[in-house]
Protein chains: 2
Amino acid sequence: MSDDPSSYPVAPVQDVLHALADPVRLEMVRRLWETDGSVQCSGLYDGVSKSTASHHFKVLREAGISERSYVDGVVHHRLRRDELEAALPGVVDGIVGALAHQPVR
Amino acid sequence: MSDDPSSYPVAPVQDVLHALADPVRLEMVRRLWETDGSVQCSGLYDGVSKSTASHHFKVLREAGISERSYVDGVVHHRLRRDELEAALPGVVDGIVGALAHQPVR
DNA sequence: ACCTGGGTTCGATGATCATCAAACCTCGTG
DNA sequence: CACGAGGTTTGATGATCATCGAACCCAGGT
């Protein structure tokens with residue numbers, strides 16, 4: 001019912017960093033990263049409630065990191081790779097890459 | 001007085017991101033970035049008190065981002081470029097690069 | 001010894017934020 | 001229409017954290 005857009009321009013670096021500096025959101029981004037295309041909400045988190053997850057999706061969206069779409073009446077998310085790469089070349093790539101080499105938290 | 005080390009290993013990605021996701025610290029890193037070598041504390045911030053700055057230095061140090069040294073009885077800081085590049089290739093580079101292209105906050 | 005300049009630590013305060021449950025919305029299907 | 005599955009919004013709560021002043025420490029100089 002809200003009329004907030006399904007995507008925003010990539011926010012200033014600082015806001016993007018803030019969006020990524022949370023374990024739940026970082027994991028969401030990690031899962032989005034390894035999926036080309038879009039994923040259903042429910043597949044992007046565990047360990048937190050639906051409402052908390054929804055909050056995190058909003059933060060990611062408003063930072064211009066992810067984008068929402070409706071597929072078969074169900075909400076999907078995808079990573080805005082190209083826009084991110086244009087605004088912050090190498091950054092998300094490097095972050096997700098480093099995530100792969102370190103113990104899960 | 002404290003006996004905390006002058007440098008730490010680069011922390012997990014998430015902690016590094018948290019350390020960078022603050023305007024004061026990000027500016028400190030930006031200034032360190034454009035200086036090869038070490039800088040005196042006082043040259044790395046403005047707009048906050050000494051105690052606040054000291055707090056931010058500690059966060060950066062504990063995340064393994066910067067390193068402390070004593071030159072002429074005065075505290076200096078330098079960016080741990082190589083260690084950061086090894087742990088998070090392209091990340092700090094990309095962040096500071098993006099900072100240059102966006103309005104100051 | 002006294003001061004001063006440059007940093008740090010402590011304690012307190014206010015702001016931000018992650019989290020949840022409950023109510024709500026919106027489809028699609030029986 | 002009623003119901004349920006999947007998300008969102010709201011309001012409240014507790015935790016984290018940025019910020020400051022004040023006290024402190026540690027050199028150098030006078």
Side-chain angles (χ1 to χ4, degrees), chain A residues 1-8 11-12 14-32 38-63 65-78 105, chain B residues 1-8 11-12 14-32 38-63 65-78 105:
Chain A
M1 74 120 347
S2 65
D3 50 351
D4 36 286
S6 58
S7 79
Y8 293 79
Q14 187 187 303
D15 299 334
V16 173
L17 290 174
H18 171 252
L20 295 175
D22 175 275
V24 177
R25 290 195 290 265
L26 197 52
E27 171 65 14
M28 287 171 164
V29 169
R30 200 190 62 72
R31 294 191 190 182
L32 282 171
S38 63
V39 194
Q40 201 170 150
C41 283
S42 29
L44 291 169
Y45 65 93
D46 33 41
V48 294
S49 68
K50 279 197 302 180
S51 49
T52 299
S54 187
H55 159 68
H56 288 309
F57 284 131
K58 186 172 189 176
V59 174
L60 287 177
R61 226 181 316 120
E62 290 180 346
I65 295 173
S66 70
E67 169 175 320
R68 177 163 62 173
S69 59
Y70 296 83
V71 179
D72 298 328
V74 170
V75 180
H76 277 231
H77 288 276
R78 78 166 190 89
R105 329 214 315 162
Chain B
M1 71 108 80
S2 67
D3 50 350
D4 36 287
S6 58
S7 80
Y8 292 79
Q14 189 187 299
D15 299 334
V16 173
L17 290 174
H18 170 253
L20 295 176
D22 174 275
V24 177
R25 291 194 290 263
L26 196 51
E27 172 65 14
M28 287 170 164
V29 169
R30 201 190 61 71
R31 296 190 189 183
L32 283 172
S38 64
V39 194
Q40 201 171 151
C41 282
S42 28
L44 291 170
Y45 66 93
D46 35 41
V48 293
S49 67
K50 281 196 303 179
S51 50
T52 300
S54 187
H55 159 69
H56 287 309
F57 284 130
K58 186 172 186 178
V59 174
L60 288 176
R61 225 179 319 118
E62 290 180 347
I65 295 173
S66 69
E67 168 175 321
R68 181 162 59 172
S69 59
Y70 297 84
V71 179
D72 297 328
V74 170
V75 180
H76 278 230
H77 288 274
R78 75 167 193 90
R105 326 220 314 167

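Note on naming: letters A, B, ... go to the chains in the order of the sequence lines (proteins, then strands), and numbering restarts at 1 for each one.
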Are any non-hydrogen side-chain atoms of V59(B) and R25(B) less than 4.5 angstrom apart? yes
Quick one: pull up NE2 in H77(B) and OG in S6(B) and give me the separation to the nearest 0.5 Å. 10.5 Å
Just the rounded figure in Å: distance from C1' of dA18(D) to NE2 of H56(B). 6 Å
Which of dG7(C), dG7(D), dT19(C) is nearest the side chain of V74(B)? It is dG7(C)
The nucleotide from dG6(C), dT8(D), dG6(D) with an atom nearest the side chain of Q40(B) is dG6(C)
Could you check whether H18(A) gets within reach of a base, just the sugar-phosphate, or nothing at all, counting any heavy atom under 4.0 Å? sugar-phosphate
Which nucleotide, dT19(D), dT9(D), dT9(C), lies nearest any side-chain atom of K58(A)? dT9(D)
Side chain of R25(A) - closest among dG7(D), dA18(C), dT9(C): dA18(C)
Below 4.5 Å, heavy atoms only, C-beta onward: do R31(B) and V39(B) meet side chain to side chain? no
Sugar-phosphate only, base, or nothing, as touched by D22(B) at under 4.0 Å among non-hydrogen atoms: sugar-phosphate
Residue met sooner reading DNA chain C from 5', once V24(A) and R61(B) are mapped to nucleotides: R61(B)
If I take atom CE in residue M28(B) and atom C1' in nucleotide dT19(D), what distance separates them, rounded to the nearest angstrom? 13 Å
Rounding to a whole Å, what distance do you find between Y45(A):OH and dT19(C):C1'? 13 Å
Separation of R68(B) atom CZ from dC26(D) atom P, in whole Å? 13 Å
Return the value, rounded to whole Å, for the distance between atom CD of E27(A) and atom P of dA18(C). 16 Å
Gap between atoms CD and P, on Q14(A) and dA18(D) respectively (whole Å): 12 Å
May I have the step-by-step check of side-chain contact (heavy atoms from CB on, under 4.5 Å) for R30(A) and E27(A), ending in yes or no? CA-CA 5 Å; R30(A) 200 190 62 72; E27(A) 171 65 14; 3.0 Å; yes
Please report the interatomic distance CG(L20(B)) to NE2(H18(A)), rounded to the nearest 0.5 Å. 13.5 Å
Polar side-chain atom of R68(B) near backbone of V75(B) as donor-acceptor pair, under 3.5 Å: no
Using a heavy-atom distance cut-off of less than 4.0 Å, which residues of residues 46-55 of chain B contact DNA chain C? K50(B), S51(B), S54(B)
What is the separation between atom NE2 on H76(A) and atom C1' on dT26(C), rounded to the nearest whole Å? 16 Å
To the nearest 0.5 Å, atom CD1 of I65(A) lies from atom CG of L32(A) at 10.0 Å
Atom pair distance, as rounded to whole Å: CZ in F57(A) and P in dG7(D): 8 Å
